[in-house]
There are 2 protein chains.
Amino acid sequence: MKIDPSSPADLSAQIAGAIRDAIIGGDLIVDERLPSEAELADHFNVSRPTVREALKRLAAQSLIRTQRGASGGAFVNRLSFENAYAQQITTSTLLLSMNAVSFDTACEARFALERACAPLSALRRTADHLATMRAEIHRQQQPGLTDEAFCASDVAFHRALVDGASNPVLSYQLAGAVEAMQPLMNMITFTARSRGAIVAFHTELADAIEAGDASVADSALDRLEDYTRTLARDVMAARAAKANT
Amino acid sequence: MKIDPSSPADLSAQIAGAIRDAIIGGDLIVDERLPSEAELADHFNVSRPTVREALKRLAAQSLIRTQRGASGGAFVNRLSFENAYAQQITTSTLLLSMNAVSFDTACEARFALERACAPLSALRRTADHLATMRAEIHRQQQPGLTDEAFCASDVAFHRALVDGASNPVLSYQLAGAVEAMQPLMNMITFTARSRGAIVAFHTELADAIEAGDASVADSALDRLEDYTRTLARDVMAARAAKANT
DNA sequence: AGACTTTTAAATGTCAGACAATTAAAATCT
DNA sequence: AGATTTTAATTGTCTGACATTTAAAAGTCT
């Protein structure tokens, strides 16, 4: 692990990069303790604050964790699926909000990915996954449910569908797409009328998954996508009309 | 933006969180300049090194960039698709290498996602995408190609296929799955014989995409997945046998 | 007046040294 | 032996300073 003190890049960035490479390259294994900050400072010939900045960069990516006290220090973190989810959701959310991604584009991606999961879910879903889906459908029919709660339940339903595929890599990939869409979906405030249609789609989906019928699930997702996009177009049009009066 | 000095969490982590929330919540918009480190230190009632650690955390996530000099400072970064790709690839790679994800699981996820793109790609691919795919197929037939170069070309081919869908969100999601698989794929050193089979699949795929035939593309991907998994199983079996002698 | 050069000031990048807080292990005592 | 105290290592934070970079302001020359 070496750095180039004459490089224009920040020393802390270089140090973080060197350690990151060591982790990715397998030179530092999970739960291994890094040298203490003082030792790292010595090794790289920099001051402790500089080393600390480097370590914070790595901590921000969940690559390391730190513990205080004797026999404390920085340890290589096992990147859990949960951590990865969280990061992906943050990144995806920002990506969508900062890059003027159209609703249609985001929607297309989300449903394309979800359709990829559906056949596997139809094959492998457990009773648990089905129960979650049914429970969320039930919740979505409660009259007093706020729009936010309805959207959250919507996410939970689709999450269960995706998790039904029992493939953590797929779940991880989908988490970003589905959850990052939520702010956009929230923009489309669902009226009481449209909730009924969505519950119908969800019921059809749950039935198909329960029956192990991939093609029906696929078709239901297809129509749900159409419906969602139409709904979005109407909401946009209504807003535009309102803005012009 | 406030923090709780009595919280057990590191101050720098709290400050980073507060600023991150401000960015995600839209209180800080793209390219807006954050207060100077001294001002932030004053605002949060902490020292400048602590503020700097917080800023480095955000910089590690590409949420901000910093500039030195007069009228310099920290600016909210537009999270580009490129930045997001890079982060996703790093995260996905670590996730796979640290969590004992089976080859089958990763493979299933990758092809499921890719199949989600194929129909869109068949519909919308440009001449450019097709040309890239053809060029990579051609490269894959060069006799002197190293295994690493073959794998890289394989990734480039599938990347072009995915990009053909012309949906940046999909491309972003897939980038992680496809590129993170590369180390695993490299483990399966392709022999000269298996290269021919893979080139045949690629040709079939390119033809299907060119003809706009989604179902043929889907079927080709299906068989390529089968083939890849069989190949992996054989390689593993051969290794196990060798280890037992 | 206009173009070029120099100065200045603001900001980040880095360093040194200190102290506080935490924690596990070692030492001590009962 | 077991409980308690001490100790030492380590991260977390602060203060103050200097270096470096950079844009803008001031000054100078034509």
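Worth saying up front: this structure is predicted, and the values here are computed from it rather than measured. Lettering follows sequence order; numbering is per chain, from 1. The analysis underlying the following values was restricted to heavy atoms, covering all of them including side chains, and did not include hydrogens, waters or symmetry mates.
Applying the ring-ring contact (aromatic ring centres under 6.0 Å, His included) test to B:Phe111 and every residue at least two apart in sequence or in another chain returns nothing. Looking at residues two or more places apart in sequence or on another chain, you find a side chain to side chain contact (heavy atoms under 4.5 Å, CB included) between B:Ala152 and B:Gln182. In this structure, the side chain to side chain contact (heavy atoms under 4.5 Å, CB included) partners of B:Val101, at least two apart in sequence or on a different chain, are A:Phe81, A:Val169, B:Leu96, B:Asn99, B:Thr105, B:Ala106.
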Checking side-chain contact (heavy atoms from CB on, under 4.5 Å) for the pair B:Lys56/B:Ser12: CA distance, chi angles, key distance, verdict?
CA-CA 9 Å; B:Lys56 295 312 165 201; B:Ser12 67; over 6 Å; no
Using a cut-off of 4.0 Å between protein heavy atoms and nucleotide atoms, how would you tag nucleotides 16-29 of chain C 5' to 3' with B, S and -?
--B--BBBB-----
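Between the CG atom of B:Leu58 and the P atom of C:dT12 there is a distance of 14 Å, given to the nearest Å. Rounded to whole Å, the distance from CG on B:Leu55 to C1' on C:dA11 is 12 Å.
Looking only at distances, no side-chain donor or acceptor of B:Ser121 sits under 3.5 Å from a matching main-chain atom of B:Cys117.
Helix-axis bend for the helix from C:dA1-D:dT30 to C:dT30-D:dA1: the local axis fitted to the five terminal pairs at one end deviates from that at the other end by 20°, rounded to 10°.
Residue B:Arg33 is in sugar-phosphate contact alone, with no base atom involved, counting any heavy-atom pair closer than 4.0 Å across all strands shown.
At most 12 non-hydrogen atoms from other residues, nucleotides or ligands lie less than 6.0 angstrom from CD of A:Glu82.
B:Met98 places a side-chain heavy atom less than 4.5 Å from the side chain of A:Ile23. Taking 4.5 Å as the limit, every side-chain heavy atom of B:Leu58 sits out of range of all side-chain heavy atoms of B:Asn77.
The span of DNA chain D lying next to chain B, judged by atoms under 4.0 Å from heavy atoms, is bounded 5' to 3' by D:dG12 to D:dA23.
An OP1 or OP2 oxygen of C:dA10 is reached within less than 4.0 angstrom by no side-chain nitrogen or oxygen of B:Ser36. Between B:Arg52 and the phosphate of C:dG13, there is a side-chain N or O to OP1/OP2 separation shorter than 4.0 Å.
Taking a cutoff of 4.0 Å between a charged side-chain nitrogen and a carboxylate oxygen, B:Arg78 and B:Asp31 do not qualify as a salt bridge. Salt-bridge annotation for B:Arg229 and B:Glu225: present, with a side-chain N of the basic residue lying under 4.0 Å from a carboxylate O of the acidic one.
Between the side chains of A:Thr126 and A:His129, at least one donor N or O sits under 3.5 Å from an acceptor N or O.
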